[in-house]
K.L.:
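Following this message is one structure expressed as structure tokens.
Sequence lines set the chain letters: A, B, ... in the order given, protein chains first and strands last, and positions in each chain run from 1.
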There are 2 protein chains.
Amino acid sequence: MGKYLNQKPVLVAVDCIIFGYDGDQLKLLVIKRAIEPIKDKWSLMGGFIGENEDLDGAAKRILLELTGLHDVYLEQLHAYGSPDRDPIERTVSVVYFALIDIHKYSKQINDQYHAEWFKLKEVPELIFDHNVMVKAAMDKIRYQAALHPILFELLPKRFTIPQLQTLYEQVYDSPIDNRNFIRKITASGLLIKQSDKDKSSSRRGAFYFKLDKNKHKAQFQSFLNFIPKTSK
Amino acid sequence: MGKYLNQKPVLVAVDCIIFGYDGDQLKLLVIKRAIEPIKDKWSLMGGFIGENEDLDGAAKRILLELTGLHDVYLEQLHAYGSPDRDPIERTVSVVYFALIDIHKYSKQINDQYHAEWFKLKEVPELIFDHNVMVKAAMDKIRYQAALHPILFELLPKRFTIPQLQTLYEQVYDSPIDNRNFIRKITASGLLIKQSDKDKSSSRRGAFYFKLDKNKHKAQFQSFLNFIPKTSK
DNA sequence: GCAAAAGTGTTTTCTATACACCCATGT
DNA sequence: ACATGGGTGTATAGAAAACACTTTTGC
């Protein structure tokens, strides 16, 4: 096999930005970096690509290692490659973001990483350019969520409309009119009303809904104009 | 300086997908690959990242080498990293797409690359996964152009509305109603009407317009819903 | 009975769409 | 005079936005 001559290879890492939502707060999962140097600083979960692994595969592996989860919504965000972004050694990082159901996440698996959930507005200083990456991920999520029903990936199988609305309000950091919200969400036909209620957050209780997965898939591309133009 | 141990570095390339528009046809610029092996096959213009170069910088350099152009619309598309995507040697490719004014492009500069413009529908077979990349770029351009005024980057300083409309029709591969198109485009306030006409494509002539650059910048984010829902 | 959250309709404005004819000019 | 492409207006339907009160129920 021929080789390209005189080219300097570099390390390629994949970093994962993992979002979760507990029904009230949008959160980010970060770890305490285990390897020297810069040990014990907060960091995104990442790793280097394996010899027989593609980028998506590496992202899935890294996500599985930290969360124990398969079949998660995962999307490539951007590649970062400043020569000095990682002071240890030149590393190009390909960044993914994941939206997970925080309830499926089990703490045991990740004890070795000292992982912790932070509210989005309280994310600590992270190593290297990781805070920039998180900001870019939020921008992309806002963009995507305005056009496609991706935020359902953050919810459990059964959820209430107030939970869903709060999620949208957190993502866009602005209040949404509740009547218009319900009208749009029901008009989308994506929700199936359940007969029982969640009584944990009010006396009256809020009906559970679940997602119509077929319609969700079918309408993924056409779920447009979801966010009110006047929001924020 | 410490190093990460036991990690295998790989080559990182940047490939550029270069689009142009001649007033009638949307086109792609590709080169005849100069280096063995797989010499003389059509390929995107690319190169490996330099030691002191970031990814955007590498993309700009590569674009400059081939087109002689600075200050071009350039956007990172995606990173590709299958272990066997380049059979010569493991290479992760970070792909950018560029939208250039084809009239600013001067043929001399790139004679050494045997560059050639192809109509988008007649792009030949390219090496590796380059055809997949081109398709992804077109998808992204359609997405972006529906929300943001990026297609102006393909036009010369002065252009006519029929040219602009044809461009949109090519990008979306579907006819657009001319009265509705003019209404929307003038409503956007982005165009400044000139007093003279382009007579090259009709006896009557079509007025030239130029872009209001300040408004273009200001409205970049809010230029929404440009493409008719019924197109195609 | 009251506090706290869930749920429900109507009106108005705006935007998108469909649609067909006259205009200007060079030959 | 005619062929060719450029340019113009209106009516209709659908979507978005603004807006406030009633319901339920545990305490």
Side-chain angles (χ1 to χ4, degrees), chain A residues 23-25 145-147 149 155 158-170 172 174-209 219 222-232, chain B residues 23-25 145-147 149 155 158-170 172 174-209 219 222-232:
Chain A
D24 176 50
Q25 290 286 327
L147 303 170
L155 293 166
R158 287 151 42 86
F159 53 87
T160 67
I161 294 206
Q163 279 166 14
L164 183 64
Q165 182 173 343
T166 305
L167 174 55
Y168 273 93
E169 289 175 336
Q170 300 236 340
Y172 291 95
S174 77
I176 297 176
D177 179 274
N178 152 266
R179 285 165 292 184
N180 292 336
F181 183 81
I182 292 177
R183 181 178 317 110
K184 279 198 207 177
I185 206 79
T186 54
S188 76
L190 292 177
L191 297 193
I192 304 170
K193 191 173 189 170
Q194 306 300 103
S195 55
D196 54 333
K197 289 181 166 183
D198 168 27
K199 298 222 160 193
S200 65
S201 66
S202 75
R203 310 200 198 289
R204 181 179 179 181
F207 278 105
Y208 281 113
F209 289 80
Q219 292 181 219
S222 60
F223 184 78
L224 298 179
N225 296 329
F226 200 72
I227 295 309
K229 298 236 162 82
T230 50
S231 81
K232 186 133 202 181
Chain B
D24 176 49
Q25 290 286 326
L147 304 171
L155 293 166
R158 287 150 43 87
F159 53 87
T160 67
I161 293 205
Q163 280 166 13
L164 183 63
Q165 182 173 342
T166 306
L167 174 55
Y168 272 93
E169 289 174 336
Q170 300 235 342
Y172 292 95
S174 78
I176 297 175
D177 180 274
N178 153 265
R179 285 164 293 184
N180 292 335
F181 183 80
I182 292 176
R183 182 177 315 111
K184 278 196 207 177
I185 207 79
T186 53
S188 77
L190 291 177
L191 298 193
I192 303 169
K193 192 174 190 171
Q194 306 301 102
S195 55
D196 53 334
K197 288 180 167 185
D198 168 27
K199 297 221 161 193
S200 65
S201 66
S202 75
R203 310 199 197 289
R204 182 179 178 180
F207 279 105
Y208 281 114
F209 289 79
Q219 292 182 217
S222 60
F223 185 77
L224 297 178
N225 296 328
F226 200 71
I227 295 309
K229 297 236 162 80
T230 50
S231 82
K232 184 133 202 182

K.L.:
What pairs with A:Phe209 under side-chain contact (heavy atoms from CB on, under 4.5 Å), at least two apart in sequence or on another chain?
P.N.:
A:Phe159, A:Ile161, A:Leu191, A:Lys193, A:Phe207
K.L.:
I need the CD1-C1' distance between B:Ile161 and D:dT8, as an integer number of Å.
P.N.:
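It works out to 12 Å between those atoms.
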K.L.:
Could you state the NZ-P distance from B:Lys184 to D:dT8, rounded to the nearest angstrom?
P.N.:
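Distance check: B:Lys184 NZ to D:dT8 P gives 18 Å.
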K.L.:
Considering all heavy atoms of both residues, which atom of A:Gln170 and which atom of A:Asp24 are nearest to each other, and what is their separation?
P.N.:
NE2-O, 2.5 Å
K.L.:
Using whole Å, what does the distance between atom P of nucleotide D:dA18 and atom CD1 of A:Ile176 come to?
P.N.:
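The answer, rounded to whole Å, is 12 Å.
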K.L.:
Using a heavy-atom cut-off of 4.0 Å across all strands, would you classify A:Thr160 as base, sugar-phosphate, or nothing?
P.N.:
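The residue A:Thr160 makes no contact with any strand.
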K.L.:
Measure from the side chain of B:Phe207, starting at C-beta and using heavy atoms only, and say which of D:dG7, C:dG7, C:dC19 lies closest.
P.N.:
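The closest nucleotide is D:dG7.
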K.L.:
I want to check something: taking the side chain as every heavy atom from C-beta on, are A:Ile185 and A:Arg183 in contact at a cut-off of under 4.5 Å?
P.N.:
no
K.L.:
Between the two end axes of the helix from C:dG1-D:dC27 to C:dT27-D:dA1, each built from 5 base pairs, what angle do you get to the nearest 10°?
P.N.:
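That helix gives 10° between its end axes.
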K.L.:
With distance as the sole criterion, do the side chain of A:Arg183 and the base of C:dG9 form a donor-acceptor contact below 3.5 Å?
P.N.:
yes
K.L.:
Mark yes or no for whether A:Gln219, through its side chain, and A:Ser188, through its backbone, hold a donor-acceptor pair below 3.5 Å.
P.N.:
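Between the backbone of A:Ser188 and the side chain of A:Gln219 there is a qualifying donor-acceptor contact (under 3.5 Å).
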K.L.:
Can you name the residues that form a side-chain contact (heavy atoms from CB on, under 4.5 Å) with B:Thr160, not counting sequence neighbours?
P.N.:
B:Pro162, B:Gln163, B:Asp198, B:Ala206, B:Tyr208
K.L.:
Whole Å only: how far is the CZ atom of A:Phe181 from the P atom of C:dA6?
P.N.:
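After rounding, the gap between these two atoms is 12 Å.
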K.L.:
Would you say the side chain of B:Arg203 and the base of D:dT4 hold a donor-acceptor pair, judged only by whether the two atoms sit under 3.5 Å apart?
P.N.:
no
K.L.:
Considering residues at least two apart in sequence or located in another chain, which fulfil the side-chain contact (heavy atoms from CB on, under 4.5 Å) criterion with A:Gln165?
P.N.:
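Applying side-chain contact (heavy atoms from CB on, under 4.5 Å) to A:Gln165 gives A:Glu169, A:Ile176, A:Asn178, A:Phe181.
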K.L.:
Tell me which residues in residues 192-200 of chain B put a heavy atom below 4.0 Å from DNA chain D, sorted by number, or none.
P.N.:
none
K.L.:
Measure the distance from CD1 on A:Ile185 to P on C:dT8 and round it to the nearest whole Å.
P.N.:
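Taking CD1 of A:Ile185 and P of C:dT8, I get 14 Å after rounding.
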K.L.:
Return whichever of A:Ser202 or A:Asn178 has its heavy-atom-nearest nucleotide of DNA chain C closer to the 5' end.
P.N.:
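The residue closer to the strand's 5' end, by nearest nucleotide, is A:Ser202.
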K.L.:
Please report the shortest heavy-atom distance between A:Lys197 and A:Arg204, naming the atom on each side.
P.N.:
NZ-O, 3.5 Å
K.L.:
Could you pull out all residues at least two apart from B:Arg179 that satisfy side-chain contact (heavy atoms from CB on, under 4.5 Å)?
P.N.:
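With sequence neighbours excluded, B:Arg179 shows a side-chain contact (heavy atoms from CB on, under 4.5 Å) to B:Asp177, given in chain and number order.
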K.L.:
Starting at CZ of A:Arg179 and ending at P of D:dT23, how long is that distance when rounded to a whole Å?
P.N.:
15 Å
K.L.:
If you measure from NZ on B:Lys184 to CD1 on B:Ile182, what distance do you get to the nearest 0.5 Å?
P.N.:
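It comes to 13.0 Å.
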K.L.:
Would you mind reading off the distance between B:Ile182 atom CD1 and C:dC19 atom C1', rounded to a whole angstrom?
P.N.:
15 Å
K.L.:
Return yes if the base of C:dA6 and the side-chain atoms of A:Arg204 contain a donor-acceptor N/O pair under 3.5 Å, otherwise no.
P.N.:
yes
K.L.:
Find the distance B:Asn180:CG to C:dC19:P and express it as a whole number of Å.
P.N.:
11 Å
